[in-house]
4 protein chains.
Amino acid sequence: MRLENKREVQSSVKDERLIEMRRDQMIKGAVSLFKQKGFHRTTTREIAKASGFSIGTLYEYIRTKEDVLYLVCDRIYDEVRVRLHDMELDGGTLQSLSRGIAHYFKVVDSMQDEVLVMYQEAKSLSKDALPYVLKKELEMTKMFETLIQKCVDEGELVMEQDEIHLLAQNIFVQGQMWAFRRWALRKYNIDQYTDRQTELLLKGVRGYQAAVNKGE
Amino acid sequence: MRLENKREVQSSVKDERLIEMRRDQMIKGAVSLFKQKGFHRTTTREIAKASGFSIGTLYEYIRTKEDVLYLVCDRIYDEVRVRLHDMELDGGTLQSLSRGIAHYFKVVDSMQDEVLVMYQEAKSLSKDALPYVLKKELEMTKMFETLIQKCVDEGELVMEQDEIHLLAQNIFVQGQMWAFRRWALRKYNIDQYTDRQTELLLKGVRGYQAAVNKGE
Amino acid sequence: MRLENKREVQSSVKDERLIEMRRDQMIKGAVSLFKQKGFHRTTTREIAKASGFSIGTLYEYIRTKEDVLYLVCDRIYDEVRVRLHDMELDGGTLQSLSRGIAHYFKVVDSMQDEVLVMYQEAKSLSKDALPYVLKKELEMTKMFETLIQKCVDEGELVMEQDEIHLLAQNIFVQGQMWAFRRWALRKYNIDQYTDRQTELLLKGVRGYQAAVNKGE
Amino acid sequence: MRLENKREVQSSVKDERLIEMRRDQMIKGAVSLFKQKGFHRTTTREIAKASGFSIGTLYEYIRTKEDVLYLVCDRIYDEVRVRLHDMELDGGTLQSLSRGIAHYFKVVDSMQDEVLVMYQEAKSLSKDALPYVLKKELEMTKMFETLIQKCVDEGELVMEQDEIHLLAQNIFVQGQMWAFRRWALRKYNIDQYTDRQTELLLKGVRGYQAAVNKGE
DNA sequence: GATGAATGAGTATTCATTCAT
DNA sequence: GATGAATGAATACTCATTCAT
């Protein structure tokens with residue numbers, strides 16, 4: 001079973017540019033509401049109002065309330081991914097890896113609300129829509145795997161396949177953690193958080209210390 | 001603002017033993033339902049039915065639906081905490097630290113459903129009840145901090161305060177991660193997961209390598 | 001595929017006597033509303049109000065609005081049938097046949113509203129419920145067929161099978177006609193209507209004239 | 001209160017030929033939809049689509065959804081009436097009467113869908129539009145009355161006024177019956193149905209037997 | 001004349017909570 | 001203490017109708 005990259009959300013409006021525009025408004029409004037009260041406690045009328053149009057218009061661009069959630073999740077992932085594209089995936093040095101991490105953390109930091117929402121509400125997606133979102137998450141962890149793999153290929157790191165996979169997961173989760181555990185991380189700002197986590201993440205990998213020393 | 005350890009959930013029934021018993025049934029039923037459909041999609045009628053009594057009786061032991069969620073979260077934390085009490089907090093060796101981690105991961109593994117539920121639904125608690133739950137989480141991360149601190153005191157590890165705190169957070173989150181990212185961790189069993197994570201967590205801390213070497 | 005005699009309409013209330021009672025109220029209220037505005041223009045809230053209870057309570061006794069329609073149709077047929085049971089099916093004389101017709105017309109006359117409603121709204125039943133209602137209609141036309149057949153068996157009438165069937169249908173429809181074409185039949189009262197129709201229905205059947213003459 | 005023959009349905013379009021054309025499309029589309037799902041379950045959007053133009057255009061030719069129903073009913077009656085004009089109203093023989101009936105039944109048979117729709121949905125017309133439709137029905141039953149009256153005048157039949165009226169009603173209803181009770185009449189084709197019904201309708205009227213004998 | 005996006009009143013249905021028995 | 005019938009506020013979604021382009 002192949003999975004298309006997008007799940008179409010049906011709209012009874014034809015004009016593609018209009019759809020784009022209205023959905024932009026919708027997503028913006030919905031994120032702010034979902035953040036405050038969560039998906040279930042937010043009503044479709046509130047979404048419509050926050051989006052700047054009527055309930056009838058809202059339903060011209062979606063089919064069900066869940067579609068809004070899907071659009072929100074979809075959009076957030078897309079944006080995160082686009083922003084991550086600046087990352088130099090072909091570095092192969094520990095420096096480029098830690099720059100990648102820092103970059104990712106920065107993106108999460110600047111999209112805290114969105115990440116938090118997606119993180120907490122994605123599970124409310126139906127069995128139908130969930131795979132599309134998970135697929136995007138997979139792509140993101142893959143990026144970190146690639147980054148790490150490059151370092152291994154270049155001999156900068158020594159790690160087994162299993163460890164690479166897990167390290168990538170850890171990086172990804174620690175990024176999200178910055179959004180969903182803010183209450184426990186108040187003592188750090190994003191730079192401190194990034195530094196500390198990078199240390200903890202990489203200090204242990206064989207070769208890191210050498211690299212640091214060299215840099216000194 | 002001091003926070004009592006328990007938030008009383010009012011019951012119109014007096015018999016404490018009865019309350020205990022009914023709530024046990026209730027929590028068991030609720031966890032299974034929340035796991036399947038989430039808190040919001042579960043109705044009080046379903047909870048009553050799954051608990052083996054009537055909707056009227058359910059409301060003899062709680063005041064609102066949210067009370068059920070609170071009781072569930074509360075219970076799960078208590079259980080995790082109780083189970084963690086076997087942990088030797090006074091070790092002060094890297095070995096006792098990694099034993100602690102392994103122990104915690106094992107507990108999470110054996111309570112996957114519960115941890116998952118609490119993890120995903122705790123955010124639905126009202127501003128009123130949330131602090132009580134967060135407090136318990138705090139206590140748990142404190143345990144890891146203590147464990148790490150002991151190692152530092154014993155000279156087994158060299159870490160600053162900030163790093164200790166963050167490492168404890170990471171350990172805690174990586175435990176939960178075993179429950180909430182199972183879909184991405186299918187390639188490991190709990191032992192492999194524990195080994196790999198412990199390596200990644202500790203390999204980097206100064207002193208670990210030495211300890212491993214010593215052990216060889 | 002056999003058809004049970006009743007399609008169960010689910011109720012979340014257990015007490016059978018209560019169900020009976022509430023549905024009585026409901027049907028009474030619904031018939032009067034459906035008569036005024038038709039099924040589609042009647043809201044469930046109006047039904048609840050006319051039944052003397054709240055919208056919530058209404059839904060304790062049915063699952064969907066269509067259930068109300070089904071209950072109404074079902075009840076009306078049952079009542080008509082019960083009332084027709086006084087008919088002497090074993091007569092076998094033209095007199096008993098015309099008495100049967102008169103009896104049926106009288107029943108229709110006394111249940112005009114109900115018959116009209118059922119007549120006009122039954123088509124709104126889902127493909128699921130319709131067969132149950134049609135089955136009851138079939139039973140009623142069968143009664144007339146039996147009545148006629150008896151006369152044929154006794155030599156009072158000479159008719160082929162096809163004609164018997166059609167005559168029964170005509171009697172049945174002419175009964176309903178009294179309800180659904182009142183606007184065109186204002187010039188008759190029920191007795192006149194009955195007399196005229198009986199004449200038209202039976203004058204033609206071989207043997208009728210003889211019978212009438214005998215009676216003179 | 002005199003009743004004009006047509007109730008004007010307002011249109012914001014001026015070109016009469018265009019109006020005619022568009023309404024043709026509209027009626028054709030609507031009949032097919034009403035037949036499938038009934039008037040209330042059909043949306044104006046569906047009607048527009050089935051008619052081959054946009055919702056906006058639909059509303060250029062009507063004022064309300066009910067107008068569509070009125071146009072449909074109106075059109076069907078007109079068509080039935082036009083087709084009945086071939087009927088020789090001036091016959092005055094039983095033969096011409098039964099030919100009239102056969103002709104009418106044939107028309108109903110060829111317009112089954114339309115007759116069924118009108119039959120089931122006309123009641124949804126507002127108090128405002130209904131009289132116009134009933135008036136047309138009246139005209140049709142009048143035709144049968146005329147037909148019968150002629151026979152009486154010619155001495156072919158002996159009937160009182162009341163009976164004539166009722167017989168005309170019966171003929172009319174039995175024609176419709178062929179459309180709305182098809183499910184119960186599957187055993188006949190239209191010719192058999194016509195023959196049987198004509199027999200039942202006329203056998204009884206004084207003079208019929210003689211006529212039949214004469215014809216032998 | 002034609003289009004289709006926008007509107008919002010209206011509707012069926014759900015569900016937490018209460019309370020008489 | 002236990003039950004479950006009653007309640008009605010709340011909510012997702014629809015659809016006839018309008019009107020700017």
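Bear in mind that the values here come from a model prediction, so they are computed numbers and not experimental data. In what follows, chains carry the letters A, B, and so on, assigned in the order in which the sequence lines appear, proteins first and then strands, with residues in each chain numbered from 1.
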- Task: Mind checking B:Arg22 for me? I need base, sugar-phosphate or nothing, with any heavy atom below 4.0 Å counting as a touch.
- Result: sugar-phosphate

- Nearest to side-chain heavy atoms of C:Thr64, which nucleotide of E:dT13, E:dA2, F:dT17: E:dT13

- Note on the structure: Whole-Å distance, B:Arg41 CZ to E:dC15 P, equals 11 Å

- Task: With the side chain of A:Val13 defined as its heavy atoms from C-beta on, choose the nearest nucleotide among F:dT3, E:dA6, F:dA6.
- Result: E:dA6

- Task: In plain terms, say whether A:Lys6 and A:Asp78 are close enough for a salt bridge, that is, a side-chain N and a carboxylate O under 4.0 Å apart.
- Result: yes

- Item | Minimum-distance nucleotide to D:Glu60 side chain [options: E:dA2, E:dA6, F:dA16] | E:dA2

- Query: Does the pair A:Glu46/A:Lys37 count as a salt bridge with the N-to-O cut at 4.0 Å?
  - Reply: yes

- Message: Can you tell me if A:Lys14 touches the phosphate of E:dG4, counting only side-chain N or O atoms and a distance under 4.0 Å to OP1 or OP2?
- Response: no

- For E:dA2, take OP1 and OP2 only and decide whether either is under 4.0 Å from a side-chain N or O of D:Ser54. no

- Item | Pairing partner (Watson-Crick or G-U wobble, both distances under 3.5 angstrom) of E:dA12 | F:dT11

- Message: Rounded to whole Å, please give me the gap between CZ in D:Phe39 and C1' in F:dA16.
- Response: 10 Å

- Query: Rounded to the Å, how far apart are D:Ile62 CD1 and E:dA2 P?
  - Reply: 14 Å

- Can you check whether C:Thr57 has a side-chain N or O nearer than 4.0 Å to OP1 or OP2 of F:dA6? no

- Message: Need to verify one output field. Residue with the more 5' nearest nucleotide on DNA chain E, C:Gly56 or C:His40?
- Response: C:His40

- Item | Rounded distance in Å - OH (A:Tyr59) to P (E:dA5) | 19 Å

- Task: Provide the Watson-Crick or G-U wobble partner of E:dA20, both distances under 3.5 Å; none if there is no partner.
- Result: F:dT3

- When all nucleic acid strands are considered with a 4.0 Å heavy-atom cut-off, which category describes B:Thr43: base, sugar-phosphate, or nothing? sugar-phosphate

- Message: Has A:Arg41 got a side-chain atom pairing as donor or acceptor with B:Ser124's backbone, closer than 3.5 angstrom?
- Response: yes

- With a 4.0 Å cut-off on heavy atoms, is D:Thr42 in touch with a base, just the backbone sugar-phosphate, or nothing at all? sugar-phosphate

- Item | N-O pairing of B:Asp74 and B:Arg7 below 4.0 Å | no

- Message: Check this for me: does the side-chain of C:Arg45 come within 3.5 Å of the base of E:dT13 through a donor and an acceptor?
- Response: yes

- Candidates F:dG1, F:dT3, E:dA12 - which lies nearest the side chain of B:Phe53: F:dT3

- In this structure, are over 12 heavy atoms from other groups packed under 6.0 Å from C:Lys28 atom NZ? no

- Spacing of C:Leu58 atom CG relative to E:dT11 atom P, expressed in whole Å: 15 Å

- Looking only at E:dG1, E:dG4, F:dG1, the nucleotide nearest the D:Ile55 side chain is E:dG4

- Query: Roughly, in whole Å, what's the span from CG in C:Leu18 to C1' in F:dT3?
  - Reply: 14 Å

- Does C:Thr44 place a side-chain N or O at less than 4.0 Å from the phosphate oxygens OP1/OP2 of E:dT11? no

- Query: How close or far is atom C1' of E:dA6 from atom CE of A:Met26, stated in whole angstroms?
  - Reply: 15 Å

- Query: With a 4.0 Å cut-off on heavy atoms, is C:Ser12 in touch with a base, just the backbone sugar-phosphate, or nothing at all?
  - Reply: sugar-phosphate

- Query: What is the distance, rounded to the nearest whole Å, between atom CZ of C:Arg17 and atom P of F:dA5?
  - Reply: 14 Å

- Report yes or no: does B:Thr57 contribute a side-chain atom to a donor-acceptor pair with the main-chain N or O of B:Phe53 at less than 3.5 Å? no

